[in-house]
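Right, one structure below, let's go through it.
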Amino acid sequence: MTLFEKIIARDIPADIVYEDEACIAINDINPQAPHHVLIIPRKVIPRVGDAAAEDQAALGALLLAAGKIARQLGVIDTTSGFRLVINHGHDAGETVPHMHVHLLAGRGLEWPPG
Ligand code: AMP
């Protein structure tokens with residue numbers, strides 16, 4: 001079982017900020033911004049590059065959830081904003097092989113990212 005499957009199963013505690021039939025969203029344990037939320041599909045897709053056509057709905061659900069969470073956090077108006085990140089593999093710094101979207105917000109975010 002992946003770490004995130006254990007969180008979804010409530011075997012490991014987490015600060016859940018949103019959930020629906022396709023995904024769950026939790027506050028990152030090591031936040032890199034004032035708001036740092038992980039949006040995790042219930043279906044385990046190890047990495048985004050491993051996703052298949054049958055995962056289309058699950059992948060789309062993550063972005064729809066991101067918009068809802070950003071609205072919930074109040075970071076969707078003209079004076080704020082947010083960034084979505086998906087890390088795939090070694091060079092991107094991926095650590096949990098259960099793909100997820102990072103939602104970062106609450107401060108100015110550098111571009112290009114490091
Ligand atoms: P990634 O490096 O893209 O695979 O992202 C994994 C993220 O999971 C990191 O930002 C970690 O800080 C976060 N993380 C690891 N363990 C937990 C946990 N128990 N609860 C919440 N976030 C976690």
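Counting starts at 1 for both ligands and their atoms, in listed order.
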Review point. Just going by heavy-atom distances, which of Val101, Ile29, Ile7 is nearest to atom 14 (N) of ligand 1?
Key: Ile29
Review point. Taking the non-hydrogen atoms of Ala14, is any one of them nearer than 4.0 angstrom to ligand 1?
Key: no
Point to revise | Those atoms of ligand 1 less than 4.0 Å from some heavy atom in Asn27 | key: 21 (C)
Review point. For atom 11 (C) of ligand 1, which protein heavy atom lies nearest, and how many Å away is it?
Key: Asp28 OD1, 3.4 Å
**Study point:** Region of Leu38 that comes within reach of ligand 1 [heavy atoms, distance under 4.0 Å]
**Key:** side chain
Review point. What heavy-atom pair brings Ala65 and Asp20 nearest, and what distance separates the two atoms?
Key: CB-OD2, 4.5 Å
Practice item. Indicate yes or no for a side-chain donor-acceptor contact from Arg107 to the backbone of Gln32 under 3.5 Å, with no hydrogens or angles considered. Key: yes
Review point. Is the closest heavy-atom distance from His100 to ligand 1 below 4.0 Å?
Key: yes
Exercise for review: Have a look at ligand 1 and work out which part of Leu3, if any, has a heavy atom under 4.0 Å from it: side chain, backbone, both or neither.
Suggested key: side chain
Review point. What do you reckon, does Ile12 have a nitrogen or oxygen under 3.5 Å from a nitrogen or oxygen of ligand 1?
Key: no
**Study point:** Among Thr2, Ile7, Ile45, Leu38, the one residue meeting side chain to side chain contact (heavy atoms under 4.5 Å, CB included) with His98
**Key:** Thr2
Review point. Between Phe4 and His100, is the gap from one ring center to the other below 6.0 Å?
Key: yes
Exercise for review: May I ask you to check whether Thr95 has an N/O atom sitting below 3.5 Å from an N/O atom of ligand 1?
Suggested key: yes
Point to revise | Nearest non-hydrogen partners of Arg42 and Cys23, listed with the distance | key: NH2-O, 3.7 Å
Review point. Does an N or O anywhere in Val96 fall below 3.5 Å from an N or O of ligand 1?
Key: yes
Practice item. Give the atoms of ligand 1, by number and element, whose distance to some non-hydrogen atom of Gly93 is under 4.0 Å. Key: 2 (O)
Practice item. Give the numbers and elements of all ligand 1 atoms closer than 4.0 Å to a heavy atom of Glu94. Key: 2 (O), 4 (O)
Point to revise | Residue portion contacting ligand 1 (non-hydrogen atoms closer than 4.0 Å) for Val85 | key: neither
Review point. Would you say Asn87 has any N or O atom under 3.5 Å from an N or O of ligand 1, going by distance alone?
Key: yes
Exercise for review: Write down the atom of Ala105, the atom of Ala33, and the distance for their closest heavy-atom approach.
Suggested key: O-CB, 3.5 Å
Point to revise | Expected output: side-chain Gln72 to main-chain Val17 donor-acceptor under 3.5 Å | key: yes
Practice item. For the pair Arg83 (side chain) and His102 (backbone), establish whether a donor and an acceptor sit closer than 3.5 Å, ignoring hydrogens and angles. Key: no
**Study point:** Same cluster (ILVMFWY, side-chain, under 4.5 Å), Val101 and Leu3
**Key:** no
Practice item. Search all heavy atoms of His88 against all heavy atoms of Asp50 and return the closest pair with its distance. Key: CE1-N, 4.4 Å
Exercise for review: Give the numbers and elements of all ligand 1 atoms closer than 4.0 Å to a heavy atom of Phe4.
Suggested key: 8 (O)
Practice item. Find all atoms of ligand 1 within a distance of less than 4.0 Å from any non-hydrogen atom belonging to Asn30, and give their numbers and elements. Key: 12 (O)
